Amino acid sequence: MNSVQHSPLGAPSAYPRDYDPALLYPIARAEGRRAAGLDAAPAFFGADLWTAYELSWLDPRGKPQVALARLTIPCETPNLIESKSLKLYLNSFNATPFASPEAVRERLRADLSAAAWRGAEHPATLGVQLLLPEQFAAERIQELDGLLLDRLQVECTHYQPAPELLGAALDEAPVEEVLVSHLLKSNCPVTGQPDWASVQIRYSGPQIDQAGLLRYLVSFRDHQGFHEQCVERIFSDIRARCRPIKLTVLARYTRRGGLDINPLRTSHPMALPHGGRTARQ
């Protein structure tokens, strides 16, 4: 299985001229989950919701076409796809003729599904949606709804994940809340570059101590981990320490290389968020 150390991240890369699905670099999710102390197949649902802003190809007459692509990668796939490899793969479409946008969508779905499900006993397909220029005007910026934790004046002294900061009123009546912070930051485990995100925590159960939760989210500031791994760790730490009845964690990371990644992890089956992006994305 591919390792993080041998991924295209942090290495000089020539932009491909020709379509090449071999550029995709899957990394086993189990590797990051073990490092975070999680089971290889933890008990949550969810998906990684990607937006690709830099997708282009040629029509049969050689005229360039553009689109946005939305990718839905279920969290039960054995592999995540390393983001720089996806960028290089998408750029390999730039000089490649396709008969139609539908042909592009089907090619994306086949290649990405093969990479994400590689090694699975029962592989499946991923969700791929193309938004064409005539649909761009319907795209909207929308912030995550919820009570803003960042309003709290707290002292922050931890910059590596500190789940001991989490707490909840375990002996009181359960509540339902949606909490939001724009202060989540982690770092790429290969390049050390910062990854910025807004995070939404929706739960029912014992009321979570908001100051402790904010300080906990800030504690990821010097942590090295992929977006998906950070969200899974946040979900698992909150579930273990605060014992919610239901819990959903969604992070919207700012884009890099024309891609944003928005991992969602939840304790129960639910509809995925519909489109949209935050102002920072």
Side-chain angles (χ1 to χ4, degrees), residues 4-5 7 9-10 27 29 31-38 42 44 46 48-51 75 80 82-84 143-168 177-203 208-242 244 247-257 259-266 277-281:
V4 173
Q5 291 73 20
S7 77
L9 273 173
I27 296 175
R29 292 187 188 272
E31 180 179 333
R33 288 171 179 168
R34 280 194 299 268
L38 306 179
F44 47 62
D48 305 323
L49 310 173
W50 297 61
T51 310
C75 68
L80 56 85
E82 190 277 308
S83 60
K84 185 177 178 181
E143 295 304 309
L144 296 171
D145 66 287
L147 181 62
L148 187 64
L149 293 170
D150 307 346
R151 75 190 193 283
L152 300 173
Q153 298 299 317
V154 297
E155 181 179 3
C156 298
T157 57
H158 293 73
Y159 300 109
Q160 289 290 345
E164 65 272 15
L165 297 172
L166 293 167
E177 285 189 320
V178 182
L179 305 173
V180 172
S181 174
H182 302 300
L183 303 186
L184 180 60
K185 172 192 168 288
S186 53
N187 300 309
C188 172
V190 178
T191 66
Q193 294 182 16
D195 296 318
W196 308 92
S198 296
V199 61
Q200 180 190 66
I201 295 158
R202 187 182 301 270
Y203 77 97
I208 295 175
D209 174 65
Q210 294 180 12
L213 177 58
L214 178 58
R215 294 170 64 212
Y216 166 74
L217 294 173
V218 169
S219 75
F220 278 77
R221 197 164 183 85
D222 288 339
H223 175 65
Q224 293 191 334
F226 289 123
H227 304 31
E228 303 91 335
Q229 297 165 354
C230 291
V231 172
E232 291 184 357
R233 185 163 185 172
I234 291 169
F235 177 94
S236 299
D237 284 347
I238 293 174
R239 195 171 192 189
R241 295 273 175 165
C242 302
L247 174 64
T248 300
V249 177
L250 168 65
R252 289 195 170 275
Y253 278 85
T254 60
R255 75 179 81 169
R256 183 188 293 173
L259 298 166
D260 66 36
I261 308 174
N262 309 284
L264 179 143
R265 299 295 183 267
T266 180
R277 64 182 177 89
T278 68
R280 294 201 295 166
Q281 292 182 295

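In this text, all values refer to a predicted model and were calculated from it rather than measured experimentally.
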Rounding to 0.5 Å, atoms CD1 (I201) and CG (L147) come to a distance of 11.5 Å
Consider only side-chain N and O atoms of R151 and Q210, and report whether a donor and an acceptor are under 3.5 Å apart.
-> yes
D209 side-chain N/O to G167 backbone N/O, donor-acceptor pair under 3.5 Å | no
Quick one: are L165 and L213 in side-chain contact, heavy atoms under 4.5 Å?
-> no
Test side-chain contact (heavy atoms from CB on, under 4.5 Å) on L250 and T266 and set out the steps.
-> CA-CA 9 Å; L250 168 65; T266 180; over 6 Å; no
Set of residues satisfying salt bridge (Lys or Arg N to Asp or Glu O under 4.0 Å) with respect to D260, sequence neighbours excluded | none
Identify, with sequence neighbours excluded, every residue that meets salt bridge (Lys or Arg N to Asp or Glu O under 4.0 Å) alongside R202.
-> D145
On a heavy-atom basis, the closest approach of A251 and V231 is CB-CG2, 3.5 Å
Heavy-atom pair of closest approach, residues D150 and S181 | OD1-OG, 2.7 Å
Rounded to the nearest 0.5 angstrom, the CD-OH distance for E164 and Y216 is 10.0 Å
Please report the closest heavy-atom contact between R33 and C75, naming both atoms and the distance.
-> NH2-O, 3.1 Å
Is it true that the side chains of R280 and S198 contain a donor and an acceptor less than 3.5 Å apart?
-> yes
R256 side chain vs P194 backbone, donor-acceptor pair below 3.5 Å | yes
Taking the side chain as every heavy atom from C-beta outward, state whether D195 and N187 have any atom pair closer than 4.5 Å.
-> no
Would you check if the side chain of K185 reaches a backbone N or O of W196 as a donor-acceptor pair within less than 3.5 Å?
-> no
Straight-line distance of L264 CG to F235 CZ, nearest 0.5 Å = 9.5 Å
Heavy-atom pair with the smallest gap, counting every atom of S83 and I261 = CB-CD1, 4.3 Å
Sequence neighbours excluded, the answer for side chain to side chain donor-acceptor pair (under 3.5 Å) partners of Q224 is none
Hey, are the side chains of L148 and H182 touching, using non-hydrogen atoms and a 4.5 Å cut-off?
-> yes
Is it the case that more than 12 heavy atoms not belonging to Q160 sit under 6.0 Å from its CD atom?
-> yes
Judged by atom type as modelled, is there a donor-acceptor pair below 3.5 Å linking the side chain of Q281 to the main-chain atoms of R255?
-> no
Could you pull out the closest heavy-atom pair between D48 and P263, with the gap in Å?
-> OD1-CB, 3.7 Å
Between the main-chain N or O of A197 and the side-chain N or O of R252, is there a donor-acceptor pair closer than 3.5 Å?
-> no
Kindly give the heavy-atom pair with the smallest separation between I238 and P244, and that separation in Å.
-> O-CD, 3.7 Å
When rounded to the nearest 0.5 angstrom, what is the spacing between CZ in R215 and CG in L149?
-> 13.0 Å
Could you tell me the separation between the CD atom of E31 and the CZ atom of F226, rounded to the nearest 0.5 Å?
-> 8.0 Å
Quick one: does Y203's side chain have a donor or acceptor within less than 3.5 Å of a partner on C242's backbone?
-> no
Short side-chain to backbone donor-acceptor contact, E177 and L179, under 3.5 Å | no
Flag side-chain contact, heavy atom, 4.5 Å: L183 against L217 | no
Considering only heavy atoms from C-beta outward, does the side chain of F44 approach that of L247 to under 4.5 Å?
-> no
Verify whether one side chain among N262 and Y253 offers a donor that lies under 3.5 Å from an acceptor in the other.
-> no
Using modelled atom types only, decide if a donor and an acceptor are shared between the side chain of R233 and the backbone of C230 within a distance under 3.5 Å.
-> no
Look only at the side chain of S219 and the backbone of A162, and say whether a donor-acceptor pair between them is shorter than 3.5 Å.
-> yes
Going from CG on D237 to CD on E232, what distance comes out if it is rounded to the nearest 0.5 angstrom?
-> 12.0 Å
